[in-house]
Amino acid sequence: MRSDASLNCQTSLKGKHMRRFVGLALVAIMMTCGIAARAEDGEFDPAKVSESLKAIFQFGSAATKQALNANTVTLISGTIGGTYVQFGADLASVLDDGNKLRVLPIVGRGSVQSVADILFLQGVDLGIVRADTLDYLERKGFAKDIKKQFTYVTKLYNEEMHVIASRSVHNLKELDGKTISVDLPNGGTFVTALTVFERLGMKPNVVYIEQRIALEKLKKGEIDAVIVVGGKPYKSVSTFKDDRFHLVTVSYDKPLQGDYLPATVTAADYPNLVSKDEQTVDTIAVPAVLAAYNWAPNTDRYRKLSQFVDAFFTKFPTFQNPPFHPKWTEVSLSAPLAGWTRFPAAQQWLDSHGIQPIVRSKFDEFLKQNPAAGKNVQSEADRDALFRQFQAWQADQGSARAQVRNVQK
């Protein structure tokens with residue numbers, strides 16, 4: 001038989017458990033009431049702020065699965081630390097709209113790989129590539145009429161060529177015969193670098209090394225220079241610090257003027273690599289392009305791209321201010337791209353909103369009024385090259401801002 005002491009002990013324990021249970025119940029009720037009150041006040045209601053949360057609780061729903069896949073646009077970007085990746089993240093940040101539209105950026109391997117991904121990788125709708133990549137692939141016999149398989153949504157921005165070498169080197173041509181790293185052969189830097197070498201008649205010892213590793217080898221004296229082509233400020237370049245090295249001038253020589261644009265980088269862009277005495281370093285730039293496969297208008301992929309274009313162009317003004325990448329201020333939605341065909345829905349949007357590119361007639365009038373500007377124009381090729389410079393200058397002077405005003409009207 002249990003003793004009275006034992007019974008009293010058990011009664012006491014039961015009482016403690018009961019009091020603890022009641023206490024926890026009261027806490028739970030208070031928390032529930034508090035959450036409900038905050039939800040009513042609009043301070044906290046996850047069901048109202050997150051379409052993703054709804055999707056989780058509707059797991060297995062055919063309707064949810066269909067909505068997510070029907071309105072998701074996948075964008076192949078670039079390597080970690082590059083400008084392409086940051087642009088992809090910016091697009092997703094601004095354009096994501098629950099199940100109505102989702103932009104899914106994917107880390108890519110560079111411009112050449114992105115061309116292949118747009119053509120062949122299932123589910124890839126868009127990609128960021130360089131304007132000179134398709135020409136290079138055709139010129140080297142890797143592809144034929146490849147531009148017919150692509151459309152472009154918009155020209156994005158100009159990507160500068162960064163040549164990092166010893167301070168004893170002042171011009172790219174001085175590196176002829178030297179060992180130069182041009183990044184991996186699935187990116188776009190090697191395309192631009194090899195094209196420039198060919199045009200200038202240079203024959204360096206080219207090595208294909210990932211940029212971060214190449215910069216370490218440069219410090220150790222194992223190579224003579226590293227070339228990086230990307231929108232300034234380019235992360236791997238801006239974080240490189242060694243007083244023995246600087247950014248080398250790339251002169252805008254005539255053989256380069258058919259495919260490239262004049263550009264500069266400054267001490268403000270790269271304080272570790274451009275001295276205060278230099279202030280600026282001349283270089284060249286190549287346009288980056290937001291490209292897509294040339295889908296037929298009656299396809300679902302065309303519909304999704306049209307939906308993306310409408311959201312992107314409508315919200316374009318948002319990208320012009322911090323915290324988004326400063327290169328957005330260079331983007332001109334209506335800028336033409338020689339040899340490329342614009343995505344029809346993008347052209348229709350521009351036309352319906354009255355946004356027009358820089359007209360060649362305006363440029364010709366500019367030359368008439370400024371004879372000094374055209375003194376070196378001796379042929380139609382010279383005029384075309386100068387017109388491209390004029391377009392680039394217009395972009396730098398705020399044509400993107402002007403288009404923002406048009407979009408906002």
Side-chain angles (χ1 to χ4, degrees), residues 76-88 106-118 127-137 139-140 142 156-166 169 172 175-176 178-200 202-240 242 245-248 250 256 259-260 263 265 269-270 273 281 283-289 327:
I76 198 82
S77 60
T79 53
I80 291 293
T83 312
Y84 291 179
V85 165
Q86 295 175 65
F87 261 58
I106 303 175
V107 174
R109 295 179 178 175
S111 188
V112 171
Q113 184 65 53
S114 291
V115 168
D117 290 342
I118 293 170
I128 303 175
V129 301
R130 292 202 183 111
D132 60 353
T133 300
L134 299 189
D135 290 328
Y136 176 87
L137 294 173
R139 192 169 67 250
K140 295 299 181 181
F142 293 107
L156 289 175
Y157 54 87
N158 296 325
E159 299 194 87
E160 292 81 11
M161 174 180 271
H162 306 78
V163 182
I164 308 164
S166 166
V169 178
L172 174 64
L175 290 168
D176 193 14
K178 303 294 185 180
T179 300
I180 304 176
S181 172
V182 295
D183 204 2
L184 298 174
N186 49 15
T189 289
F190 90 94
V191 168
T192 302
L194 295 187
T195 301
V196 168
F197 295 154
E198 289 177 6
R199 298 285 170 82
L200 297 180
M202 294 177 59
K203 296 183 178 180
N205 175 30
V206 174
V207 292
Y208 300 89
I209 306 171
E210 195 269 327
Q211 290 166 359
R212 294 169 299 176
I213 298 173
L215 289 169
E216 290 302 313
K217 288 183 175 291
L218 181 66
K219 287 181 179 181
K220 296 176 182 178
E222 298 175 10
I223 56 179
D224 299 300
V226 176
I227 291 181
V228 176
V229 180
K232 65 178 183 181
Y234 197 91
K235 186 175 180 181
S236 64
V237 179
S238 61
T239 55
F240 180 79
D242 190 312
F245 304 98
H246 72 152
L247 288 172
V248 172
V250 182
L256 303 180
D259 295 292
Y260 302 104
V265 292
D269 298 321
Y270 301 105
L273 292 166
V281 175
T283 187
I284 61 170
V286 56
V289 183
K327 274 289 184 178

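Values below: every heavy atom of this structure, side chains too, minus hydrogens, waters and symmetry copies. The chain is numbered in sequence order, starting from 1.
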Discussion item. Would the distance check show the side chain of Arg130 and the main-chain N or O of Val191 forming a donor-acceptor pair, the cut-off being under 3.5 Å?
Written reply: no
Worksheet item: Any Lys/Arg nitrogen of Asp242 or Lys219 sitting under 4.0 Å from an Asp/Glu carboxylate oxygen of the other?
Response: no
Discussion item. Just so I know, are the side chains of Val286 and Tyr260 near enough to count as touching, which here means a heavy-atom distance under 4.5 Å?
Written reply: yes
Worksheet item: Within a strict 4.5 Å, meaning less than it, do heavy atoms of the Val169 and Leu175 side chains meet?
Response: yes
Item to complete: Give a yes or no on this: more than 12 heavy atoms of other residues, nucleotides or ligands lie within 6.0 Å of atom CZ of Arg199.
Response: yes
Worksheet entry | Residues in salt bridge (charged side-chain N to carboxylate O under 4.0 Å, His left out) contact with Asp224, at least two apart in sequence or another chain | none
Worksheet item: Rounded to the nearest 0.5 Å, how far apart are OG1 of Thr195 and CG of Leu200?
Response: 10.5 Å
Practice prompt. With side chain to side chain contact (heavy atoms under 4.5 Å, CB included) as the test, would you mind laying out the steps for Leu273 and Ile164 before giving the verdict?
Written response: CA-CA 8 Å; Leu273 292 166; Ile164 308 164; 4.3 Å; yes
Response to the item:
Minimal heavy-atom distance between Asp176 and Lys203, with the atoms involved, is OD1-N, 2.7 Å
Fill in: Beyond-backbone contact of Glu160 with Tyr234, side-chain heavy atoms, under 4.5 angstrom
no
Worksheet item: Is there side-chain contact between Glu198 and Arg139, with at least one heavy-atom pair below 4.5 Å?
Response: yes
Worksheet entry | Close side-chain approach of Tyr208 to Val182, heavy-atom, < 4.5 Å | yes
Practice prompt. For the pair Phe87 and Tyr157, name the ring-plane relationship: parallel under 30°, tilted 30 to 60°, perpendicular over 60°.
Written response: tilted
Discussion item. I want to check something: taking the side chain as every heavy atom from C-beta on, are Phe245 and Leu215 in contact at a cut-off of under 4.5 Å?
Written reply: no
Worksheet item: What residue among Ile76, Val85, Leu156 forms side-chain contact (heavy atoms from CB on, under 4.5 Å) with Ile128?
Response: Leu156
Item to complete: Hey, could you give me the CD1/NZ distance between Ile223 and Lys178, rounded to the nearest 0.5 Å?
Response: 13.5 Å
Practice prompt. Decide yes or no on side chain to side chain contact (heavy atoms under 4.5 Å, CB included) for Glu159 and Thr192, but give the supporting numbers first.
Written response: CA-CA 10 Å; Glu159 299 194 87; Thr192 302; over 6 Å; no
Response to the item:
Taken to the nearest 0.5 Å, the spacing of Leu172 CG from Ile284 CD1 works out to 8.0 Å
Worksheet item: Would you find a donor on one side and an acceptor on the other, under 3.5 Å apart, between the side chain of Ser111 and the backbone of Gly188?
Response: no
Fill in: From CG (Asp132) to CG (Leu137), nearest 0.5 Å
9.5 Å
Item to complete: Please check if the side chain of Thr189 supplies one atom and the backbone of Val229 the other of a donor-acceptor pair under 3.5 Å.
Response: yes
Worksheet item: Does the side chain of Val226 come within less than 4.5 Å of Phe240's, by heavy atoms?
Response: no
Worksheet entry | Side-chain heavy atoms of Met161 within contact of Ile227, under 4.5 Å | yes
Worksheet item: Residues in side chain to side chain donor-acceptor pair (under 3.5 Å) with Tyr136, at least two apart?
Response: none
Fill in: Intermediate values then yes/no, side chain to side chain contact (heavy atoms under 4.5 Å, CB included), Val112 and Thr133
CA-CA 7 Å; Val112 171; Thr133 300; 3.9 Å; yes
Worksheet item: Roughly how far, to the nearest 0.5 Å, is CD of Gln86 from OG of Ser77?
Response: 10.5 Å
Discussion item. Quick check: closest heavy atoms across Val250 and Val163, and the distance to 0.1 Å?
Written reply: CG2-CG2, 3.7 Å
Fill in: Distance, nearest 0.5 Å, that separates CG of Asn158 from NZ of Lys327
6.0 Å
Worksheet item: What pair of heavy atoms forms the shortest contact from Glu210 to Leu184, and how long is it?
Response: N-CD2, 3.7 Å
Worksheet item: Looking only at heavy atoms, what is the nearest atom pair of Ile180 and Pro204, with distance?
Response: CD1-CB, 3.7 Å
Worksheet item: Closest approach of Ser236 and Gln211, non-hydrogen atoms and distance?
Response: OG-OE1, 3.6 Å
Item to complete: Report the residues that fulfil side chain to side chain donor-acceptor pair (under 3.5 Å) with Gln113, sequence neighbours left out, ordered by chain and then residue number.
Response: Asp117
